[in-house]
Amino acid sequence: MTPEDTTISTDFIREAVKEDLASGRYNYVRTRLPPEPNGYLHIGHAKAFLIDYLVAKDFGGELNLRFDDTNPAKEETEFVEAIKEDAHWLGIEWGDREFYASDYFDDLYDWAVRLIKAGKAYVDDQTPEEVSRNRGTLTEPGVNSPYRERSVEENLNLLERMKNGEFPDGSRILRAKIDMASGNINLRDPAMYRIIHEPPHHRTGTTWCIYPMYDWSHGQNDSMEKITHSFCDVGYEAHRPLYEWFLEQLGEFMPRQIEFARLNLSYTVLSKRFLRRMVDEGLVSGWDDPRMPTLRGMRRRGYTPEAIGEFIEKIGIAKNYNMVDIALLEATVRSDLNIRAERRMVVLNPLKVVITNYPEGHTELLEAVNNPEDESAGTRQVPFSRELYIEREDFREDPPRKYFRLGPDREVRLRYGYFIKYEHHINDENGEVIEVHCTYDPETRGGYAPDGRRVKGTLHWVSAQHAVDAEVRLYDRLFTIENPLNSEEGKDFTDYINPDSLQILTECKAEPALTDVQPGYRCQFERRGYFCADIDSTADALVFNRTIALRDTWAKIRKGN
RNA sequence: AGGGGAGUGGUGCAAUGGCAGCACAGCAGUCUUUGGAACUGUUGAUCAUGGUUCGAAUCCGUGCUCCCCUGCCA
């Protein structure tokens, strides 16, 4: 595509890039994707990643993946691999353009020396507490460090010795010399290097014991890589003057930083820190718990990368604070899976049905459509016999108004099977229905009545004799309130965890076509929702996760009554 | 309070001085061998106030509300 191409969607970021190309500020586009390898990716990262990737792609540019590994205390190789895997899964490609902030430690050090020589940086011996106290407050200016006017020679010497490991952690920092009275606190002589001896860095080992701060690394790395556009969270807006100050002082290539609003999703939290807490406190089973908004969790739950991409496109890009309704995410997967997922019949809460006029010991195969939305998906054979399972909720002794399913004196259709008519039912000693006896109409094979009579309800079913046992895990929203972080006084977000966010069903009966499915297999269970075989699933013990339930009009009617 | 940013239906995003539109949610209906899907119709918004203008969501003034910033985190 060319910059003039009007088919490029017109969010304010793409508009800005287009303008930069038109004005000649840049004559190519190169973005960067800068994860810190200190945790797993969540759907909020997916938004940022996709912006970096797709903007570059739309303008025929390049994407640099660059791990922001400037703090050895928090970062691990394990996360590097996990992030790459998740990003690939999302469909993001960066070819061999894979970099690390730590690739630039030597060059960055040289740039720091240049800044000292220009009188724009100094080594400060104040304690962390003194630095903090002297920074001032939002309304009062800070006060200059007593070490601010050291000579260039002394600063050079001290920085060198910091690098050589002569000083303990926290004893000194290198600071930019800007303005302790600035209204923008980021400009009050921000720290550039701090001393960290332990632990060793995941890539550079013990080579370094001084590490750059974000502000003294990110923009410099962008510049070194000749990044044209550096997209980030609005939280970094106040850092932009600093980003530009450093590069101006150095006279180096100037990328353009553009900020956009991070994604907030209702009924969940999108913050590495809080997600980590849930994992650490055992509130969920891990980073890949299917209830987690992490990419790994969502993948395990059965979300497709296409659905996530679609969702990100739908929510758009702006600078407003936002709280996106999770219903939009749910609607998006539903619509994605509706088109691609094959249908199967699985009874979640089985109730036995005996077809009294069906020959004992007989089995026949009935043809079922795999996907009504996709003819090329073909058909399959489903075994039918005298004893079947239907959903417990599909029979009522005393059917309420507008209930279209099985009940006394009612006739319903078994999907792709026959019409069956109620005869009688059996209760156990507790009054619980344990068996329903029906007759079938042999003329309605396949579910059509030659005499044209109609039935209100169509039920899914599984032949008892041919059923495969399965465990099914039903998931619901993780939190009971829209914004768990905006909690009442004295309450923690964990106080709002939905106690019913996981329900495990162990007596489920699946049609035999599901016997051999592998973990990751996705399909729709007719009338129930979209499901995905879990990584715990084996040939001997099938386990399915519910990705999302089908839209349920009946539930709404019931609720309204 | 100092600095920075943002205010459009319930939610998210458009409209770039010229008919306030799209999606999700909601409501009503059609169709239906998934109470699914599809299709049709429909309710509902420019933070307030003053100004500029033939004309303002858009430009200007004032006020209000919300978000971010006082790590040797990113």
Side-chain angles (χ1 to χ4, degrees), chain A residues 9-12 15 34-36 38 68 70-71 73-75 124 126-128 131-133 135-142 169-175 181-188 190-196 211 213-215 217-218 232-241 259 261 263 266 272-273 314-332 334-335 338-339 343 345 368-369 372-373 402-405 413-417 419 446-448 454-460 482 524-529 549-558:
Chain A
S9 66
T10 58
D11 55 81
F12 78 96
E15 287 295 337
E36 184 189 13
N38 70 341
D68 216 338
T70 57
N71 187 350
K74 297 189 170 182
E75 296 144 7
D124 193 347
Q126 293 183 104
T127 64
V131 169
S132 174
R133 191 177 332 121
R135 186 159 24 231
T137 68
L138 292 179
T139 48
E140 304 153 39
D169 288 9
S171 59
R172 285 181 170 81
I173 51 174
L174 182 71
R175 299 179 77 174
S182 174
N184 182 345
I185 293 176
N186 297 306
L187 261 19
R188 316 239 261 231
M192 294 168 62
Y193 278 109
R194 69 306 203 180
I195 302 171
I196 303 175
Y211 291 92
M213 300 290 291
Y214 166 85
D215 285 311
S217 171
H218 198 92
C232 60
D233 192 297
V234 287
Y236 292 95
E237 217 152 11
H239 292 251
R240 180 157 29 93
E259 310 84 11
L263 168 66
S266 63
K272 252 187 236 178
R273 200 177 122 224
K314 279 181 186 170
I315 60 173
I317 309 169
K319 296 182 77 161
N320 306 334
Y321 171 85
N322 62 78
M323 174 65 75
V324 176
D325 190 345
I326 198 167
L328 179 61
L329 213 212
E330 296 171 343
T332 307
R334 240 185 235 121
S335 118
N338 175 49
I339 292 162
R343 274 56 168 173
M345 291 198 285
V369 171
E373 304 292 324
K402 289 190 180 174
Y403 183 85
F404 301 151
R405 311 175 190 185
R413 169 170 38 231
L414 293 179
R415 182 144 229 233
Y416 302 123
F419 284 14
Y448 295 94
R454 308 175 74 95
V455 287
K456 277 287 212 174
T458 299
L459 272 38
H460 62 281
E482 198 174 276
Q524 182 195 102
F525 291 178
E526 294 242 10
R527 302 208 303 137
R528 300 311 308 237
L550 251 28
R551 254 186 81 220
D552 190 350
T553 309
W554 168 239
K556 216 181 297 176
I557 294 169
R558 206 174 24 181

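For the numbers below, each heavy atom of this structure counts, side chains included, while hydrogens, waters and symmetry mates do not. All chains are named by letter (A, B, ...) in the order of the sequence lines, taking the proteins before the strands, and each is independently numbered beginning at 1. Source: prediction; values computed, not measured.
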Check your understanding: When you compare B:C39 with B:C24, how far apart are their P atoms, in angstrom units rounded to a whole number?
Key -> 10 Å

Check your understanding: In terms of the angle between their ring planes, are A:Y214 and A:H239 parallel, tilted or perpendicular, with boundaries placed at 30° and 60°?
Key -> perpendicular

Review point. Is the ring centre of A:F404 under 5.5 Å from the base ring centre of B:G35, and are the two planes under 30° apart, so that they stack?
Key: yes

Point to revise | Phosphate-side-chain proximity, A:T137 and B:A1, N/O vs OP1/OP2 below 4.0 Å | key: no

Check your understanding: When we call it a touch if two heavy atoms are under 4.0 Å apart, what does A:E373 touch: a base, just sugar-phosphate, or nothing?
Key -> base

Practice item. Verify the contact: side-chain N or O of A:R527 to OP1 or OP2 of B:G35, cut-off strictly under 4.0 Å; return yes or no. Key: yes

Exercise for review: For nucleotides B:C54 and B:A25, find the distance between their C1' atoms and express it as a whole number of Å.
Suggested key: 40 Å

Practice item. Check the chi torsion on B:G71 and let me know: syn if it falls within 90° of 0, anti if not. Key: syn

Point to revise | Atom C1', compared across B:G44 and B:G12: separation rounded to whole Å | key: 15 Å

Check your understanding: Whom does B:G41 pair with, Watson-Crick or G-U wobble, provided both distances fall under 3.5 Å?
Key -> B:C27

Review point. Does A:R551 make a side-chain N or O approach to OP1 or OP2 of B:G26 shorter than 4.0 Å?
Key: no

Exercise for review: Give a yes or no on whether a donor-acceptor pair under 3.5 Å exists between the nucleobase atoms of B:U70, that is its base, and the side chain of A:R188.
Suggested key: no

Review point. B:U42 and B:G9: how far apart are their C1' atoms, nearest whole angstrom?
Key: 14 Å

Check your understanding: Below 3.5 Å, does any donor atom in the side chain of A:Q524 face an acceptor in the base of B:U34, or the other way round?
Key -> yes

Exercise for review: Determine the contact category for A:R454: base if any of its heavy atoms lies under 4.0 Å from a base atom, sugar-phosphate if only primed atoms, P, OP1 or OP2 are that close, otherwise nothing.
Suggested key: sugar-phosphate

Practice item. For B:G36, take OP1 and OP2 only and decide whether either is under 4.0 Å from a side-chain N or O of A:T553. Key: yes

**Study point:** Side chain A:R334 and base B:G36 donor-acceptor under 3.5 Å
**Key:** no

